[in-house]
Amino acid sequence: IDNWSFRVQSSTCDKQGRLWIFGGANEEYRKKPRLLMLDGTTWTAPRFNSDFIPIGDLVPGEREDEVIVATAQGYYAVKQDGTHRLTVARPPYIGSARLWRSPDGRLVFGGGHGLTIVDGDKVSKLDTQSLKTSLWVKDVAFDRDNRIWIVSRESVACLDGDKLTSHSL
């Protein structure tokens, strides 16, 4: 990337250790996003439909050589050669700000709607009322027991299986 005005929206490493970034030139960032991969010292641009509208993050894919790209059209697993497959056809919420992958492989989406967890074919949703917050989910962390820690501006909650415990700040 030789353009100093390139804006990185999200980055991750695939399971083979290659760096992937999703972003674009500052002026065209929302209109013409680019997906780039660094393989050693060379940036490559996998052939991926740039008409997709980015709405969130990149996370490692299920396979070694892919990443998950969040778009307004759905969540896609993209490989180095640009081949891609739809993993979640309808985003849980258009405008999701964040996307995470838990150590046990679940996809977790957070934003103004609350939290959506995709575990294989099972989809669980926690709205902002369940989380006892009216603000966006700001961050998520996973502990060694696979619990999901959910952070908003005003509270922290822990999801352990189906049990949600709120910890006011």
Side-chain angles (χ1 to χ4, degrees), residues 6-15 19-24 26 29-31 33-37 48-63 66-78 84-169:
F6 190 91
R7 178 178 171 184
V8 175
Q9 178 180 345
S10 183
S11 66
T12 194
C13 286
D14 63 22
K15 292 179 181 177
L19 176 66
W20 294 69
I21 63 171
F22 198 32
N26 282 340
Y29 166 66
R30 292 278 179 204
K31 296 177 188 170
R34 293 180 63 197
L35 180 64
L36 300 172
M37 184 197 64
F48 181 66
N49 186 343
S50 63
D51 293 336
F52 293 157
I53 301 165
I55 60 172
D57 294 331
L58 290 175
V59 295
E62 294 172 8
R63 300 176 184 154
E66 70 181 13
V67 293
I68 303 292
V69 178
T71 75
Q73 292 80 6
Y75 297 88
Y76 288 84
V78 180
H84 54 278
R85 60 186 169 82
L86 191 62
T87 59
V88 178
R90 303 180 80 172
Y93 174 74
I94 299 297
S96 289
R98 301 296 310 269
L99 169 64
W100 299 269
R101 180 176 290 285
S102 68
D104 62 1
R106 294 173 288 175
L107 288 176
V108 179
F109 309 94
H113 70 293
L115 202 69
T116 302
I117 302 161
V118 178
D119 187 2
D121 294 333
K122 181 183 174 191
V123 177
S124 306
K125 295 181 182 179
L126 294 171
D127 60 22
T128 53
Q129 201 165 40
S130 299
L131 296 171
K132 296 181 177 29
T133 180
S134 60
L135 298 175
W136 285 71
V137 170
K138 298 290 186 186
D139 205 359
V140 165
F142 307 94
D143 67 18
R144 65 177 173 248
D145 297 321
N146 287 319
R147 293 179 294 204
I148 301 174
W149 289 87
I150 305 155
V151 179
S152 74
R153 184 174 297 169
E154 62 208 24
S155 67
V156 174
C158 180
L159 182 63
D160 187 0
D162 293 330
K163 181 182 177 190
L164 182 69
T165 306
S166 184
H167 302 275
S168 296
L169 298 177

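Nothing here was measured: the structure is a model prediction, and the numbers come from that model.
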>> For the CZ atom of R101 and the OG1 atom of T12, what is their distance to the nearest 0.5 Å?
In response: 9.5 Å
> With sequence neighbours left out, what residues match D145 under salt bridge (charged side-chain N to carboxylate O under 4.0 Å, His left out)?
Replying inline: R147
> By side-chain contact (heavy atoms from CB on, under 4.5 Å), which residues pair with D119, not counting sequence neighbours?
Replying inline: R106
> Is any side-chain heavy atom of N146 closer than 4.5 Å to a side-chain heavy atom of S102?
Replying inline: no
> Counting only N and O atoms by type, is there a donor-acceptor contact under 3.5 Å from the side chain of S10 to the main-chain atoms of L58?
Replying inline: yes
> So do D104 and F142 actually touch side chain to side chain, heavy atoms under 4.5 Å?
Replying inline: no
> Is any side-chain heavy atom of C13 less than 4.5 Å from a side-chain heavy atom of L19?
Replying inline: yes
> Does a side-chain heavy-atom distance below 4.5 Å link F109 with V137?
Replying inline: no
> Which residues pass the side-chain contact (heavy atoms from CB on, under 4.5 Å) test with R63, sequence neighbours left out?
Replying inline: D65, E66, R85
> So how far is it from I150 CD1 to L115 CG, rounded to the nearest 0.5 Å?
Replying inline: 5.0 Å
>> For I117, run the side-chain contact (heavy atoms from CB on, under 4.5 Å) check against L107, V123, I148 and tell me which one passes.
In response: I148
